[in-house]
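Only this structure's heavy atoms are used, side chains among them; waters, hydrogens and symmetry mates stay out.
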Amino acid sequence: MEKKTALLRNVSNPVLRGFHPDPSLIRVGADYYLATSTFEWFPGVRIYHSKNLADWEYLCAPLDTYQKADLRGVPASDGIWAPCLSHDGTYFYLIYTVVHCAREFPPMDTPNYLIYAKDLTGPWSEPIYLNSSGFDPSLFHDRDGRKWLVNMEWDYRKAMGGHPFTGILLQEYSIEEKKLIGKPKRIFTGTAIGSTEGPHLYWHDGYYYLMCAEGGTSWFHAVTVARSRNIDGPYETHPGNPVVSSWEGSFDRTKMEQEMAVRGLGNSYLKKAGHGSLCEGADGNWYLAHLCARPLTGMPFCPLGRETAIQEIVWNDGWPVLKSGRQTPEAAFTIPGEDCPQTGECREYRFLDEEFRKDFQTLRIPYEAAGMTIRERKGYLRIYGKESIFSTFYQALLARRQTELSFRAGTKFEFQPESYQQSAGLIYRYDEKNQYYAYVSFDEESGKTVVSLMAVRGGKTEILAMEPLEGPSFELEVVVEEEDVQFFFVCESGKRALGPKLEAHILSDDYTLGFTGAFVGMCVQDLRQQSAYADFEFFRYETLKLH
C-alpha cells in the first residue's frame, strides 16, 4: 500500500502584520497565545489566539481601564512597552511597563506591573506594582513553584556619557505577599552586541536559558541566548549568537554604521529581526516569535512599524538555532495542513454592533472617554469632538493599523460644522508630529463648509489644500502605494484629488525615531465646546498589493 505524504502548509511571515512589536508567545494545551506592545494606543497589550501558529484572531486587550494603564499625557512611543504573557498551570500572568518618560531626559520612569486571571478574557486582578529599575520585565515559573522576575536595568547616569544598558536583573516574586522579595541580582551583562534588553527565562534539558534582545530595536537588532545550570548564573553565551538577526555584517559597534553605509540593508526580506520569545509546540517542535519590519522598496523606512514573525527552532548541542541553519529570518515556515494562499484585506466596517472595535484603537484614553458611541443613532458611529490632533491627553480618534505598504482606506460621515474650531475627517498618522489629515470644517471668510488637507512633518504644520464642499454628508479616501500618498474627496462631479501627493516614509520609526507604526482612521475635534459630533456611516480598508 502506497504511503501518503504528509501535507505541509507554508505560512508567510509576518504572521501579525502591521504594528505588532515585542511578541510574547506561549502555549497552554492545544492553544497558542501571543501578546504584543501597544505604546500610547488604548486599550493596552493586544493578545491573539491561534490553534496552529498560522491563523491568529484578536482575543482581548486586558489593560482597558485607567487603573491598569493611565496613558493620559504620555509622549508618543511611551506607554505600554514589551509585555510578557505566561501561565503557571492555573493563572495567566501579564507583566508590563507603563513608560512615562523614555527619551527626553536621561532617567526613565518605568513602573512595572503584574496582573493575573484564570481566563485571558478576564476578570483580571488589580495591577500589582513590582519595580522601576528598567523595562522589559518578564515572569518565569520555576519547576519548584517559585516565580522569578527578570528585567533589564537602566543606569541613567551612563545615558549622559556611556552605555545605560547595564544588564539583566533577577529577583524573586512572592505570590503570598504580592511583591518582589529579596535583593535583585545582576545575572547577565550581555554580549558584545550590547543594548541588552527583552529578557525571557526558559528551562530545557537541565539548563536555564536566558533569551535577550540586543543591538537596539532597529537595523542591528538581534536575539541572543545564554544558559546556566543555576537560575542566578553564571551564564555562558551561545557560541552561535545571534540566534536570529537581519543584520549580516559585523557586530563590532565601531564598524556597524560604516558597514551599513557600504552594504545597504542586507539580503533578508524581514528587517530588524529581534526581541524574541520561545515556545514548545504541541507536537514537540520549538518556535521563536520575534519582531521584524518590512521597508519601502529601495528605502530604509518602515511605515508598518515592527511586526511579528515566527521561526522554527531546533536544538543543536544544547543550543537553540534556526531550523534553516542560518541566522537571518525566513520569510515563511511550515506547519501540517493544506497550503492556504495568502490574501490581503478587504473590509467594510459598519456600526450596527461593536465588532469593529477589535481592529481599532483609541489614543491614550478609552473608547467611551473619547466620546464614541453607536447607541445614539442606529447604524452610525457617533464621535464627539475633543482636543486637537496634537493633544496627548484627550483626542477623539479611532484608527486601525496599516498592514501592507499599499492600501486604500476611506470613510463616509455626516457633519455640520459651525466654526473653524470644529473638524472631522480621515487621518493617516504615526504620531502628533508626523501625520496627514483630510478634514471637513467651516471657513468663516467664505461662509462655507470646506474640506482641507493638513500635513504635519517633523512637527512643522502646513495646510496644503482647501476646497468648498457641500454637506452634510462627506466621503474621504486615502490611497497609499508604498511611498506615494494621495487623498481624495467625493463631490457632485465625482472623486477628486485633495492636495498634492505626499510621502509615506515620514510615518515610520526610521523617520520619527519612534517605536510604533502607521495608523489610518477617523477623528473629530471641537476646540470650542467639545459638543459637536460627526456620524460615521462606514470605514473601508483594502489591501492594494501584498509584499
Side-chain angles (χ1 to χ4, degrees), residues 17-21 39-41 75-79 102-104 216-219 260 264-265 271-272 291-307 361 363 388-392 395 397 399-410 423 425-439 452-466 476-488 497-523 525 541 543-545 547:
R17 305 173 85 81
F19 165 56
H20 289 99
F39 293 83
E40 68 264 36
W41 291 93
S77 288
D78 279 5
R103 292 169 295 165
E104 188 173 358
T217 185
S218 188
W219 308 107
M260 183 176 177
L265 301 179
K271 311 303 181 186
K272 304 183 181 180
L291 65 78
C292 63
R294 293 175 288 160
L296 296 165
T297 302
M299 300 179 69
F301 298 97
C302 304
L304 303 177
R306 298 168 300 156
E307 308 174 273
Q361 288 186 269
L363 272 173
S388 76
I389 62 170
F390 305 99
S391 173
T392 60
Q395 283 205 47
L397 185 152
R400 54 150 291 162
R401 288 153 177 75
Q402 177 184 348
T403 53
E404 297 295 337
L405 295 172
S406 299
F407 74 96
R408 176 188 291 113
S423 308
L426 177 67
I427 195 161
Y428 180 39
R429 76 185 303 279
Y430 183 94
D431 60 17
E432 285 70 39
K433 292 183 179 180
N434 302 277
Q435 53 187 326
Y436 299 127
Y437 186 27
Y439 61 96
S452 302
L453 178 63
M454 179 185 293
V456 187
R457 293 173 277 208
K460 181 182 178 181
T461 303
E462 299 176 276
I463 303 297
L464 301 180
M466 181 184 291
L476 302 175
E477 182 179 270
V478 62
V479 175
V480 178
E481 297 179 281
E482 293 225 13
E483 167 70 345
D484 294 333
V485 178
Q486 181 68 67
F487 281 87
F488 297 90
L498 179 63
K501 281 191 175 180
L502 304 166
E503 311 84 17
H505 79 269
I506 73 157
L507 308 182
S508 69
D509 297 354
D510 318 283
Y511 182 87
T512 66
L513 302 181
F515 301 135
T516 56
F519 280 65
V520 61
M522 306 158 282
C523 60
Q525 299 77 38
Y541 182 93
T543 297
L544 296 181
K545 180 182 177 182
H547 295 269

Engineer: Does any N or O in the side chain of Arg306 come within less than 3.5 Å of the main-chain N or O of Phe515, such that one atom is a donor and the other an acceptor?
Structural biologist: yes
Engineer: Parallel, tilted or perpendicular: which fits the ring planes of Tyr511 and Phe301, with parallel below 30° and perpendicular above 60°?
Structural biologist: tilted
Engineer: How close do Glu432 and Ile389 get, counting heavy atoms only, and between which atoms?
Structural biologist: CG-O, 3.7 Å
Engineer: Can you see whether Trp219 has Lys272 sitting over its ring - NZ or CZ less than 6.0 Å from the centre and within 45° of the normal?
Structural biologist: yes
Engineer: For residues Gln435 and Met454, determine if any side-chain heavy atom of one lies less than 4.5 Å from a side-chain heavy atom of the other.
Structural biologist: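 SC-SC contact between Gln435 and Met454 ruled out.
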Engineer: How far apart are the closest heavy atoms of Gly305 and Asp509, and which atoms are they?
Structural biologist: CA-OD2, 4.1 Å
Engineer: Calculate, to the nearest 0.5 Å, the distance between atoms OH and CG belonging to Tyr437 and Leu476 respectively.
Structural biologist: 9.0 Å
Engineer: Within the side chain of Glu40, is there an N or O that forms a donor-acceptor pair under 3.5 Å with the backbone of Leu363?
Structural biologist: no
Engineer: Assess the residue pair Arg294 and Lys271 against the criterion (side chain to side chain contact (heavy atoms under 4.5 Å, CB included)); give the C-alpha distance rounded to whole Å, side-chain angles, the decisive distance to 0.1 Å, and a yes or no.
Structural biologist: CA-CA 6 Å; Arg294 293 175 288 160; Lys271 311 303 181 186; over 6 Å; no
Engineer: With distance as the sole test, does Asp510 use its side chain to make a donor-acceptor pair with the main-chain N or O of Cys302 at under 3.5 Å?
Structural biologist: yes
Engineer: For Ser508 and Pro303, work out which heavy atoms get closest and say how close.
Structural biologist: CB-N, 3.7 Å
Engineer: Which residue is it: Val479, Val520, Thr543? I am looking for the one with a side-chain contact (heavy atoms from CB on, under 4.5 Å) to Phe407.
Structural biologist: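 So the option named by the test is Val520.
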Engineer: Applying the ring-ring contact (aromatic ring centres under 6.0 Å, His included) test to Phe519, which of Tyr436, Phe39, Tyr430, Trp41 qualifies?
Structural biologist: Trp41
Engineer: Would Thr297 and Glu482 satisfy side chain to side chain donor-acceptor pair (under 3.5 Å), going step by step from the backbone distance to the final call?
Structural biologist: CA-CA 8 Å; Thr297 302; Glu482 293 225 13; 2.9 Å; yes
Engineer: Taking side chain as C-beta onward, heavy atoms only, is Glu307 less than 4.5 Å from Phe19?
Structural biologist: no
Engineer: Just wondering, are more than 12 heavy atoms of other shown residues or ligands nearer than 6.0 Å to CD in Gln486?
Structural biologist: yes
Engineer: Side chains of Leu464 and Leu502, heavy atoms from C-beta outward: is any pair under 4.5 Å?
Structural biologist: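 Of all side-chain heavy-atom pairs linking Leu502 with Leu464, at least one is under 4.5 Å.
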Engineer: Do Met522 and Leu426 have side chains that approach each other closer than 4.5 Å (heavy atoms only, starting at C-beta)?
Structural biologist: no
Engineer: Give a yes or no on whether Glu104 atom CD has more than 12 heavy-atom contacts from other residues, nucleotides or ligands under 6.0 Å away.
Structural biologist: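 No, not enclosed.
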Engineer: Flag the pair Asp431 / Thr516 as yes when at least one side-chain heavy-atom distance between them is below 4.5 Å, and no otherwise.
Structural biologist: no
Engineer: Run the salt bridge (charged side-chain N to carboxylate O under 4.0 Å, His left out) check on Glu404 and Lys545 step by step: do they pass?
Structural biologist: CA-CA 7 Å; Glu404 297 295 337; Lys545 180 182 177 182; over 6 Å; no
Engineer: Quick check: do Thr403 and Leu304 have side-chain heavy atoms less than 4.5 Å from each other?
Structural biologist: no
Engineer: CG of Leu507 to OG1 of Thr512: how many Å apart, nearest 0.5 Å?
Structural biologist: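 OG1 of Thr512 is found 9.0 Å from CG of Leu507.
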Engineer: When you check the side-chain N and O atoms of Glu483 and His505, is any donor under 3.5 Å from an acceptor?
Structural biologist: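 There is such a pair (donor and acceptor under 3.5 Å, judged by atom type) between the side chains of Glu483 and His505.
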Engineer: At their closest point, which heavy atom of Val480 faces which heavy atom of Ala504, and how far apart are they?
Structural biologist: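 Closest approach of Val480 to Ala504, heavy atoms only: CG1-CB, 4.4 Å.
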Engineer: What do the steps show when you test Leu453 against Ile463 for side chain to side chain contact (heavy atoms under 4.5 Å, CB included), and what is the final call?
Structural biologist: CA-CA 6 Å; Leu453 178 63; Ile463 303 297; over 6 Å; no
Engineer: Closest approach of Gln402 and Tyr428, non-hydrogen atoms and distance?
Structural biologist: OE1-OH, 2.7 Å
Engineer: Could you go step by step and tell me if Arg457 and Glu503 meet the side chain to side chain contact (heavy atoms under 4.5 Å, CB included) rule?
Structural biologist: CA-CA 10 Å; Arg457 293 173 277 208; Glu503 311 84 17; 3.3 Å; yes
Engineer: Run the side chain to side chain contact (heavy atoms under 4.5 Å, CB included) check on Arg401 and Gln361 step by step: do they pass?
Structural biologist: CA-CA 9 Å; Arg401 288 153 177 75; Gln361 288 186 269; 2.7 Å; yes
Engineer: To check you understand the geometry: which heavy-atom pair defines the closest contact between Met466 and Ser452, and what is its length?
Structural biologist: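 It is CG-OG, 3.6 Å.
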